[in-house]
**Q** 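Starting off with a structure, shown below.
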Amino acid sequence: MCLLVAVMVWLSFGSGGGSGGGAAVAVAAPAPPGGQARQADPRVEMLQRAYRALDQGQPRQAIEHLETILRPGEGPRQADPIVHAALVLHQQLAGAFNARHAVWHRRAIQDVVVLVPDESAAIQAMAGWTDTSFYPVLIDDGYWSTLFIRRLQPSRVVMMAAPESPAEVDEAVRAAAEANDRRLNRPDAPPQPGMVMIEPGSPQRVAGLALALGRGQSVFFHELGKRFTDILTEEEVGGLTEAAFRALTERNLPAVDTWLGLTLAGNYPYRYRVSEGNAGIRATTDKLGRNPGNVRFAVAGHLVGDAAQSLYQAMSSLFLDPENVFAFDAYPAQGSPLSNYRMQGALNFLPDRLRITSAHDQGASAESFRQAVRPINPFDLVLINSSGGLTRFNVRGGGHASDMPIGRATAVHFVHSFSAQRVELTHTLAGRAIAGGAFWYFGSVNEPFLSAFVHPNQLLSIARNGTPLGFAARRNTFQPLHQPWNLTLIGDPLFSLRTEPARRTEARPAEHLSEISDWEHADDPFEVLKRRAILDAESAWKSAVTLMKQPDEAPAPVLRLAGLLLIEAGREAEVLQLPDGRIQRDWLLRRAATLALRAQFDQVMPDEMLEAWEVLARLAMVQDHDVAFKAAMDAWWSRMNENRETAAAAQLLRELREAPNLPRDSARLIDARLPGS
């Protein structure tokens with residue numbers, strides 16, 4: 001049976017297809033996963049034993065259980081969900097995915113960073129990548145490029161000028177992707193590790209191309225016409241899932257023995273809502289990468305942000321390898337279900353070359369966390385176990401989003417509820433981490449329940465073998481909550497711990513590149529972080545709901561501020577329920593910010609005043625209301641004068657007045673705590 005036929009049978013029945021590049025496995029029609037017939041199958045119990053062995057930190061025993069399922073003569077050798085799950089897990093533990101990493105692994109890293117002014121120049125710069133070596137390319141924005149360079153510490157940094165006749169970006173992306181596809185289809189080409197879905201016209205298109213070129217992946221173009229912050233319906237996310245699956249099967253990529261990577265490079269929404277009968281928000285990346293039987297065949301990840309940020313995420317995943325790890329475990333040693341997920345033993349599975357700093361038991365407090373990661377995060381991989389919500393995590397002393405590590409290119413795995421519920425907002429746990437430099441983030445968009453996360457022993461025993469970290473973090477078939485659920489992955493799904501450090505080679509800049517003798521010309525990241533508004537950011541709209549429930553008792557300016565906050569939080573329906581005369585909706589977006597700020601400046605403490613300032617920043621970001629903005633700046637100036645903070649206020653106003661685009665740039669300047677506050 002040919003590979004494509006095997007895959008199509010897998011499509012129909014929700015079971016495995018053919019192994020990548022090898023002979024297909026005969027397929028029979030299985031019962032659905034979890035059905036009564038499956039539960040009676042002795043192979044399911046053996047698979048469960050393998051999972052339990054992993055949770056207990058015994059990967060060798062897990063492999064033995066899996067080999068019992070896969071041993072010839074022990075039951076029907078068919079590509080059903082049980083065999084598929086056993087094969088996938090066995091290959092992950094054996095490090096077999098490294099063959100699909102071949103394009104990435106074999107390339108040496110030229111000891112240089114190429115800075116470019118725009119997307120068109122980035123595409124041109126990546127054209128110099130070869131099968132034997134490549135180099136990082138970043139848009140020179142002064143922030144993301146600086147974070148990357150300071151982490152990589154290259155011996156040279158060069159600048160590429162903008163092309164004299166730049167190609168239209170979408171056309172250039174397509175041309176480069178098509179040329180790459182032709183290389184991937186050569187008979188001697190290694191199996192592809194996955195596919196990149198690019199949305200034409202999106203800010204992430206060039207970053208998606210970078211991952212396709214860097215890892216040897218094909219590209220699929222798909223336009224959805226949504227915003228990243230939209231919430232998809234089940235029908236919409238189903239259509240997106242079908243489009244991805246169809247594109248992968250057309251390229252003969254689904255395999256019976258491994259998962260693939262599926263990178264979303266576009267403004268695809270990261271959340272969707274399930275039907276009314278089972279109301280709730282789910283993660284788009286957890287839904288994608290499944291066949292019609294809901295069996296996972298790919299792990300999806302999502303590049304986010306503008307062109308500079310998303311390219312930074314792609315380059316960080318391709319070129320940066322963790323050297324030091326911070327493991328923060330707030331779970332008790334005993335007496336709680338959380339105790340089963342403690343990560344101390346799991347740290348033994350990390351490669352010996354990594355330096356590990358851990359905090360647990362009495363050492364796991366909010367203060368110890370702050371001391372470890374402030375002011376600038378020194379860690380490349382951060383593993384956190386905690387509980388809490390969107391902006392807070394429950395540790396001794398009380399942890400907050402303002403404590404999340406920032407200022408370094410890092411990867412974050414966060415066992416926690418709701419941390420990624422609003423990744424676009426910088427006053428949330430995930431939002432602050434991502435805006436502060438996290439190029440890879442795994443967390444939950446809703447209440448996931450602890451069992452949705454794989455045990456730390458399983459996570460690290462799989463990841464240490466070169467299997468992508470996102471693969472290790474995903475539940476396999478017949479594990480708890482393996483169905484489409486609430487865990488999302490921001491970043492490259494193929495990000496991996498290298499089995500050995502990448503080889504660096506000397507690089508000589510081409511004639512059209514000019515060397516930068518001192519790349520420290522870029523702003524200090526700490527100062528940039530202040531201006532990007534992610535230091536000690538506080539959530540402002542959390543009290544708005546309470547105010548809205550008692551509108552007659554709230555002063556009009558405060559009520560209007562609450563309305564503005566709820567609108568910013570996507571909760572317009574609650575605002576629309578109020579009498580129009582009380583909230584004055586048509587007037588709200590023009591003047592409410594000014595009035596509310598003036599009222600709050602007379603009543604609140606500095607931190608709360610900064611929360612109100614954040615509201616104004618967000619208003620300015622979406623509505624060009626210069627009059628209200630300038631009036632509010634006057635109010636800020638007066639308050640700062642009263643507190644003898646004139647120097648900080650003057651500096652702030654100078655920066656604002658010099659901003660090329662006041663509404664846009666203000667959000668980066670005044671979204672949180674500022675110097676002198």
Side-chain angles (χ1 to χ4, degrees), residues 45-69 85-97 259 296 299 322 325-361 363-364 381-387 411-416 440 442-444 448-482 485 487 489 495-497 499:
E45 172 57 29
M46 195 59 65
L47 187 60
Q48 299 287 2
R49 290 182 185 179
Y51 292 143
R52 289 194 293 270
L54 278 181
D55 290 352
Q56 295 164 5
Q58 300 171 337
R60 291 185 181 275
Q61 289 189 13
I63 291 175
E64 291 176 1
H65 294 316
L66 295 171
E67 289 178 345
T68 299
I69 299 173
L87 282 170
V88 166
L89 186 58
H90 188 275
Q91 296 288 62
Q92 288 180 346
L93 288 167
F97 194 84
W259 290 337
R296 188 188 302 282
V299 174
V325 180
F326 181 46
F328 184 84
D329 195 344
Y331 290 167
Q334 57 186 1
S336 167
L338 299 175
S339 305
N340 297 326
Y341 267 68
R342 283 165 58 85
M343 70 172 81
Q344 278 62 60
L347 299 179
N348 295 325
F349 291 115
L350 285 169
D352 295 338
R353 58 188 172 84
L354 298 183
R355 299 185 297 273
I356 302 172
T357 301
S358 64
H360 52 89
D361 297 330
L381 174 62
V382 177
L383 308 171
I384 306 174
N385 279 354
S386 74
S387 60
V412 177
H413 182 276
F414 204 164
V415 179
H416 180 94
W440 190 95
F442 190 86
S444 181
F449 305 115
L450 182 61
S451 57
F453 292 94
V454 303
H455 193 282
N457 285 332
Q458 179 174 334
L459 175 77
L460 298 184
S461 62
I462 291 176
R464 72 169 297 161
N465 299 310
T467 300
L469 190 60
F471 290 25
R474 284 297 189 194
R475 283 295 194 187
N476 201 355
T477 310
F478 299 102
Q479 285 188 291
L481 297 175
H482 66 86
W485 196 236
L487 304 183
L489 171 55
F495 168 67
S496 310
L497 305 181
T499 52

**Q** I'd like to know if the side chain of Ser339 and the backbone of Pro332 have a donor-acceptor N/O pair within less than 3.5 Å.
**A** yes
**Q** Nearest 0.5 Å, what's the CG-CD1 distance between Asn348 and Ile356?
**A**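 Answer rounded to 0.5 Å: 7.5 Å.
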**Q** Would you please classify the geometry between the Phe97 ring and the Phe471 ring as parallel, tilted or perpendicular, with 30° and 60° separating the classes?
**A**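 Correct class here is perpendicular.
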**Q** Can you tell me how far OG of Ser386 sits from CG of Leu338, rounded to the nearest 0.5 angstrom?
**A** 9.5 Å
**Q** For Gln48 and Phe478, indicate whether the former's side chain and the latter's backbone hold a donor-acceptor pair under 3.5 Å.
**A** yes
**Q** Taking it one step at a time, do Val454 and Asp55 satisfy side chain to side chain contact (heavy atoms under 4.5 Å, CB included)?
**A** CA-CA 8 Å; Val454 303; Asp55 290 352; over 6 Å; no
**Q** Quick one: pull up CZ in Arg353 and OG1 in Thr499 and give me the separation to the nearest 0.5 Å.
**A** 7.5 Å
**Q** Is the charged tip of Arg474 near the ring of Trp259: under 6.0 Å from the six-membered ring centre and within 45° of its axis?
**A** no
**Q** So, do Asn385 and Arg342 sit near enough that their side-chain heavy atoms are less than 4.5 Å apart?
**A**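 Not in contact.
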**Q** Donor-acceptor pair, Arg464 side chain versus Pro351 backbone, under 3.5 Å?
**A**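 Not confirmed, Arg464 side chain does not pair with Pro351 backbone.
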**Q** Kindly indicate whether the side chain of Phe414, heavy atoms from C-beta on, has any atom under 4.5 Å from the side chain of Ser444.
**A**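 Side-chain contact under 4.5 Å: no.
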**Q** Just by distance, do the side chain of Asp329 and the backbone of Tyr331 share a donor-acceptor pair under 3.5 Å?
**A**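 Yes; judged by distance alone, with no hydrogens or angles, the pair exists.
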**Q** With rounding to the nearest 0.5 angstrom, report the CG to CG distance, Asn340 to Leu450.
**A** 8.0 Å
**Q** Is there side-chain contact between Phe453 and Leu487, with heavy atoms separated by less than 4.5 Å?
**A** yes
**Q** Specify the closest pair of heavy atoms between Ala53 and His65, including all atoms of both residues, with the distance to one decimal.
**A**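 Looking at all heavy atoms of both residues, the shortest contact is CB-CD2, 4.4 Å.
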**Q** Heavy atoms, side chains only, cut-off 4.5 Å: are Met343 and Leu383 in contact?
**A**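 When only atoms from C-beta onward are counted, Leu383 and Met343 do touch, with a gap below 4.5 Å.
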**Q** Within this structure, what is the CD1-CG distance for the pair Ile69 and Leu87, rounded to the nearest 0.5 Å?
**A** 9.5 Å
**Q** Suppose we screen for side-chain hydrogen bond (donor to acceptor under 3.5 Å, both in side chains). Which residues come up paired with Arg475, at least two apart in sequence or across chains?
**A**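 Checked Arg475 against side-chain hydrogen bond (donor to acceptor under 3.5 Å, both in side chains); matches are Tyr341.
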**Q** Say whether, by atom type as modelled, one donor and one acceptor occur between the side chain of Asn465 and the main chain of Ala94 under 3.5 angstrom.
**A** no
**Q** Check Tyr51 against Ala85 and note the closest heavy-atom contact, atom names and distance.
**A**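 Looking at all heavy atoms of both residues, the closest pair is OH-CB, 3.9 Å.
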**Q** So, do Phe495 and Pro322 sit near enough that their side-chain heavy atoms are less than 4.5 Å apart?
**A** yes
**Q** Are any of the side-chain heavy atoms of Leu66 and Leu47 separated by less than 4.5 Å?
**A** yes
**Q** Just do the side chain to side chain contact (heavy atoms under 4.5 Å, CB included) check on His413 and Leu459 with the steps written out, would you?
**A** CA-CA 10 Å; His413 182 276; Leu459 175 77; 4.0 Å; yes
**Q** Verify, without hydrogens or angle tests, whether Gln458 (side chain) and His455 (backbone) share a donor-acceptor contact under 3.5 angstrom.
**A** no
**Q** Does the side chain of Thr467 come within less than 4.5 Å of Ser496's, by heavy atoms?
**A**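 In short, these two side chains do not touch, never coming nearer than 4.5 Å.
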**Q** Is it true that Arg60 and Glu64 make a salt bridge, defined as a side-chain N closer than 4.0 Å to a carboxylate O?
**A** no
**Q** Indicate the atoms forming the closest heavy-atom contact of Pro59 with Leu54, along with that distance.
**A** CA-CD2, 3.8 Å
**Q** Walk me through whether Ile384 and Val382 qualify under side chain to side chain contact (heavy atoms under 4.5 Å, CB included).
**A** CA-CA 6 Å; Ile384 306 174; Val382 177; 3.7 Å; yes
**Q** Flag the pair Asn476 / His482 as yes when at least one side-chain heavy-atom distance between them is below 4.5 Å, and no otherwise.
**A** no
**Q** So which heavy atom on Ala472 is nearest to which on Ala463, and how close?
**A**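 Closest approach of Ala472 to Ala463: CB-N, 4.0 Å.
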**Q** When the ring planes of Trp440 and Phe442 are compared, do they come out parallel, tilted or perpendicular, using 30° and 60° as the limits?
**A** parallel
**Q** Work out which heavy atom in Gly345 is nearest to a heavy atom in Asn457; give both atom names and the distance.
**A**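 Where Gly345 meets Asn457 most closely, the heavy atoms are C-OD1, 3.8 Å.
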**Q** Show the nearest heavy-atom pair for residues Glu67 and His90, with the distance to one decimal.
**A** OE2-NE2, 3.2 Å
**Q** The test is side chain to side chain contact (heavy atoms under 4.5 Å, CB included); show your working for Leu89 and Ile462 and say whether it passes.
**A** CA-CA 9 Å; Leu89 186 58; Ile462 291 176; 3.8 Å; yes
**Q** Looking at NE2 of His360 and CD of Gln344, how far apart are the two atoms once the value is rounded to the nearest 0.5 Å?
**A** 4.5 Å
